[in-house]
Amino acid sequence: MSLGRKGGLDKRLKKISKQEAASIKLLEKQESELVKAVEENKRLVDTILVKESPAEVKLRLEIEELTGKIGLLNYQLQEIKDTREDVHHPLRVRGDVLNDKLAVVKAQLVSTRNMMSRS
């Protein structure tokens, strides 16, 4: 190989080496900027997206209020059912009294018929 060709090859290799160094420097700069961008985005996520928006707060409070109302209504419904199903409810007590009177009248009727049939 001649000296002229060797000198041209050396120049190309130096040029390639400089380009590689420039590429590494550019990639390192891009990496540094991307790291900063990722950190900044994380801070934004932490400060903006973690907090509830006013619409979310409004809906959550409305849901909590409605949940409370549902609980109260279910409690009131259960109290009404318990009162209606209570064995000491006035209508049930009156029914028991009427059944007792009916039993006494039936017994008196049987007794009276028995007496009449003996005479």
Side-chain angles (χ1 to χ4, degrees):
M1 197 187 300
S2 73
L3 192 55
R5 284 186 174 181
K6 189 177 178 191
L9 181 61
D10 284 341
K11 284 183 184 180
R12 283 190 188 130
L13 290 175
K14 277 187 180 182
K15 186 177 178 181
I16 291 171
S17 180
K18 284 182 182 179
Q19 289 173 344
E20 287 175 341
S23 292
I24 288 175
K25 202 173 208 180
L26 179 62
L27 289 171
E28 287 173 343
K29 186 175 179 180
Q30 285 179 337
E31 178 189 31
S32 173
E33 291 299 318
L34 284 170
V35 166
K36 288 177 187 175
V38 166
E39 289 172 355
E40 184 178 342
N41 191 66
K42 184 182 182 310
R43 280 193 299 274
L44 287 172
V45 166
D46 289 345
T47 57
I48 295 172
L49 297 181
V50 170
K51 293 180 184 177
E52 283 184 319
S53 71
E56 288 174 307
V57 170
K58 181 182 175 187
L59 287 174
R60 183 179 46 78
L61 291 175
E62 191 172 335
I63 288 170
E64 288 173 3
E65 181 181 333
L66 291 173
T67 301
K69 284 182 181 179
I70 288 171
L72 177 62
L73 290 172
N74 280 330
Y75 175 77
Q76 291 173 341
L77 176 62
Q78 190 59 49
E79 279 187 332
I80 292 169
K81 280 182 177 180
D82 290 347
T83 301
R84 179 176 44 85
E85 295 171 356
D86 187 6
V87 294
H88 300 296
H89 189 281
L91 290 174
R92 292 187 196 281
V93 171
R94 183 171 62 187
D96 291 343
V97 169
L98 290 173
N99 281 327
D100 290 345
K101 286 182 179 182
L102 179 59
V104 169
V105 168
K106 283 182 178 182
Q108 288 175 343
L109 181 60
V110 167
S111 177
T112 305
R113 282 185 181 151
N114 285 339
M115 281 196 253
M116 288 180 67
S117 67
R118 289 186 198 159
S119 3

Quiz item: Do other residues, nucleotides or ligands put more than 12 heavy atoms under 6.0 Å from Arg84 CZ?
Solution: yes
Quiz item: Rounded to the nearest 0.5 Å, what separation is found between the CG atom of Leu66 and the CG atom of Leu73?
Solution: 10.0 Å
Quiz item: Would you find a donor on one side and an acceptor on the other, under 3.5 Å apart, between the side chain of Ser32 and the backbone of Glu28?
Solution: no
Quiz item: Under 3.5 Å, is there a donor-acceptor pair between the Gln78 and Asp82 side chains?
Solution: yes
Quiz prompt | Salt bridge Lys58-Glu62, side-chain N to carboxylate O under 4.0 Å | solution = no
Quiz item: Is there a donor-acceptor pair closer than 3.5 Å between any side-chain N or O of Arg94 and the backbone N or O of His89?
Solution: no
Exercise. Take Asp10 and Lys14 through the test salt bridge (charged side-chain N to carboxylate O under 4.0 Å, His left out) and record every step on the way to the result.
Key: CA-CA 6 Å; Asp10 284 341; Lys14 277 187 180 182; over 6 Å; no
Self-check item: From Glu79 atom CD to Leu77 atom CG, the distance as rounded to the nearest 0.5 Å
Solution: 10.0 Å
Quiz item: Roughly how far, to the nearest 0.5 Å, is the CZ atom of Arg92 from the CD atom of Glu85?
Solution: 7.5 Å
Practice problem: Give, for atom CG of Asn114 and atom CZ of Arg118, the distance between the pair rounded to the nearest 0.5 Å. | Solution: 5.5 Å
Quiz item: So, for Lys51 and Glu56, which heavy atoms are closest and what is the spacing to 0.1 Å?
Solution: O-OE1, 4.1 Å
Self-check item: Flag, side chain of Ser23 to backbone of Gln19, donor-acceptor distance under 3.5 Å
Solution: yes
Practice problem: Kindly indicate, with the supporting measurements, whether the criterion side-chain contact (heavy atoms from CB on, under 4.5 Å) is fulfilled by Val35 and Glu39. | Solution: CA-CA 6 Å; Val35 166; Glu39 289 172 355; 3.6 Å; yes
Self-check item: From CD (Glu65) to OG1 (Thr67), nearest 0.5 Å
Solution: 10.0 Å
Sequence neighbours left out, cut at 3.5 Å: what donor-acceptor pairs do the side chains of residues 98-107 make with other protein atoms?
{"unit_1": "Asn99", "atom_1": "ND2", "unit_2": "Gly95", "atom_2": "O", "d": "3.3"}

Quiz prompt | Between CD on residue Gln30 and CD on residue Glu33, distance to nearest 0.5 Å | solution = 9.5 Å
